[in-house]
Enquirer: 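Quick one: the structure is below, and I'll ask about it shortly.
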Amino acid sequence: MAGTRTEMVDGVRITVVEDTREDLQDFLGTAQEIESLEGEEQKEKLEEIFGKEEEEDQDEKKKGEKAEEPEKNQEKETSPRQSSRANTDVVLAMQIADQAAAEAAAETPCYVVHGAKMLCSMGSREARLVVPLDHGALLEGNPQMTVRDREALTNIMCFGNCFSADNPKMEQAAVDATNRYNQEKSQGFWGKVRSFFMGSPKTVDSASRELQELCICECEPCFSEEAVWEEGNEKSQLGGEATLIQPDTIVCRYGGVIRIIDNGQNG
């Protein structure tokens, strides 16, 4: 678009820039040609000269940012559950059950019978409270229960999976998960290359606390000898033990808070 030449002015060499305007004229001619086109023809000509419009790139960038926003929001929503390893659905169900029990207790005690439903703050699902032999009292044909009915897997059944890192089964679950991951990783292309030079994948026999907190294991409730349901009805006893009422709680040795959410009287 511009040319240059060198001249001597008062003994000093200077460079003079000459604008021939040829390139500018070519550009203006092209612009006029594009302006005379319409619709798709004009768009195709622009893309031929300049490539895809920058606006499209900006739109794609905005779409990408919008797509990332729900993922970020989802991460914010799930992070408390991941950090605590507690089942938030279980906690919410406990709160709802507490409210319902409080309203019912204002009129009459909610006596607990065989088949009552429970939730554990460290468990993955509800479980049943049962009694092999009744204590001599029935409510609508169902055996009534006492604060001493708290034997693991005899009275208090399994809550599915356990999220507590205090559960001794958790370390083995973390070890198994690590070895399974290392084995599966070694089956890939780079894993096979690595195994060729460095041998079979390493097998571990221990896991850190941090890794255990990211795993789950099988639930098996466990209670100390002194553990009993905390809120019995002392005014109503069976065999010298306070009767069980909703919403009584008991704490598992591994940290889970177990709470009765349905007294079982409705089957």
Side-chain angles (χ1 to χ4, degrees), residues 68 70-95 97 116-130 132 149-230 248-261:
E68 291 177 359
E71 295 179 0
K72 291 179 180 178
N73 292 335
Q74 185 176 9
E75 290 176 0
K76 292 179 181 178
E77 292 174 359
T78 57
S79 58
R81 181 170 182 171
Q82 293 173 340
S83 61
S84 66
R85 301 298 298 152
N87 190 329
T88 53
D89 294 336
V90 167
V91 174
L92 179 59
M94 285 183 170
Q95 293 173 348
K117 296 178 182 179
M118 306 168 292
L119 284 174
C120 175
S121 61
M122 288 295 176
S124 62
R125 61 171 172 79
E126 67 179 33
R128 293 281 183 170
L129 179 63
V130 300
D149 294 322
R150 50 89 170 120
E151 295 296 327
L153 303 183
T154 298
N155 302 125
I156 298 177
M157 297 293 103
C158 171
F159 292 92
N161 293 320
C162 179
F163 295 102
S164 174
D166 292 329
N167 190 324
K169 293 183 178 181
M170 192 65 81
E171 182 173 14
Q172 187 58 49
V175 168
D176 292 343
T178 301
N179 289 331
R180 187 164 54 251
Y181 170 78
N182 290 339
Q183 185 64 34
E184 291 176 355
K185 188 176 180 181
S186 69
Q187 301 305 311
F189 174 76
W190 291 112
K192 291 180 180 178
V193 172
R194 181 183 178 86
S195 297
F196 179 79
F197 290 101
M198 303 183 65
S200 301
K202 180 180 178 182
T203 300
V204 302
D205 55 10
S206 63
S208 66
R209 173 83 178 189
E210 290 75 16
L211 181 58
Q212 293 180 49
E213 290 176 348
L214 296 175
C215 296
I216 59 174
C217 65
E218 181 184 0
C219 165
E220 185 175 338
C222 183
F223 306 98
S224 65
E225 291 294 330
E226 298 78 19
V228 293
W229 292 95
E230 294 183 357
D248 273 2
T249 59
I250 190 171
V251 180
C252 175
R253 192 187 292 270
Y254 307 138
V257 178
I258 299 170
R259 183 163 301 172
I260 297 170
I261 61 168

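Both backbone and side-chain heavy atoms feed into the values below; hydrogens, waters and symmetry mates do not.
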Enquirer: How close do Leu129 and Met118 get, heavy atom to heavy atom, and via which atoms?
Expert: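 The answer is N-CE, 3.6 Å.
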
Enquirer: Are the side chain of Arg128 and the backbone of Ala116 linked by a donor-acceptor contact shorter than 3.5 Å?
Expert: no

Enquirer: Work out which heavy atom in Gln212 is nearest to a heavy atom in Ala174; give both atom names and the distance.
Expert: CG-CB, 4.0 Å

Enquirer: Would you mind telling me which of Cys222, Cys120, Cys217 makes a side-chain contact (heavy atoms from CB on, under 4.5 Å) with Tyr254?
Expert: Cys222

Enquirer: Please find the pair of heavy atoms, one from Ala207 and one from Leu211, that lie closest to each other, and give the distance.
Expert: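 Looking at all heavy atoms of both residues, the shortest contact is CB-CD2, 3.9 Å.
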
Enquirer: So, for Asp248 and Trp229, which heavy atoms are closest and what is the spacing to 0.1 Å?
Expert: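 Smallest heavy-atom distance, with atoms named: O-CZ3, 3.6 Å.
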
Enquirer: Under the rule for side chain to side chain donor-acceptor pair (under 3.5 Å), what residues qualify as partners of Glu220, not counting sequence neighbours?
Expert: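 Testing Glu220 for side chain to side chain donor-acceptor pair (under 3.5 Å), a comparison that skips the adjacent residues, returns Lys169.
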
Enquirer: Hey, could you give me the OG/CD distance between Ser208 and Glu171, rounded to the nearest 0.5 Å?
Expert: 9.5 Å

Enquirer: How about Ile216 and Met122: do any of their side-chain heavy atoms sit closer than 4.5 Å?
Expert: no

Enquirer: Under 3.5 Å, side-chain donor or acceptor atoms of residues 150-162 against the rest of the protein: list the pairs with distances, not counting sequence neighbours.
Expert:
{"from": "Arg150", "atom 1": "NE", "to": "Ala227", "atom 2": "O", "distance (Å)": "2.5"}
{"from": "Arg150", "atom 1": "NH2", "to": "Glu225", "atom 2": "O", "distance (Å)": "2.9"}
{"from": "Asn155", "atom 1": "OD1", "to": "Arg150", "atom 2": "N", "distance (Å)": "3.2"}
{"from": "Asn155", "atom 1": "OD1", "to": "Glu151", "atom 2": "N", "distance (Å)": "2.9"}
{"from": "Asn155", "atom 1": "ND2", "to": "Val130", "atom 2": "O", "distance (Å)": "2.9"}

Enquirer: Out of the candidates Thr249, Val257, Val251, only one should pair with Ser121 under the side-chain contact (heavy atoms from CB on, under 4.5 Å) rule; please name it.
Expert: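 Going through Thr249, Val257, Val251 one by one, the side-chain contact (heavy atoms from CB on, under 4.5 Å) with Ser121 is satisfied by Val257 alone.
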
Enquirer: When rounded to the nearest 0.5 angstrom, what distance separates CG in Asp166 from CZ in Arg253?
Expert: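 Answer rounded to 0.5 Å: 11.5 Å.
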
Enquirer: Using side chain to side chain contact (heavy atoms under 4.5 Å, CB included), reason through Leu119 and Glu126 one step at a time and then give a plain yes or no.
Expert: CA-CA 5 Å; Leu119 284 174; Glu126 67 179 33; 3.5 Å; yes

Enquirer: Taking all non-hydrogen atoms of both residues into account, name the closest pair between Asp205 and Val175 and its distance.
Expert: C-CG2, 3.8 Å

Enquirer: For Ile250 and Val228, what are the C-alpha separation, side-chain angles and deciding distance, and is it a side chain to side chain contact (heavy atoms under 4.5 Å, CB included)?
Expert: CA-CA 6 Å; Ile250 190 171; Val228 293; 5.6 Å; no

Enquirer: Measure the spacing between CG of Asp176 and SG of Cys215 and express it to the nearest 0.5 Å.
Expert: 9.5 Å

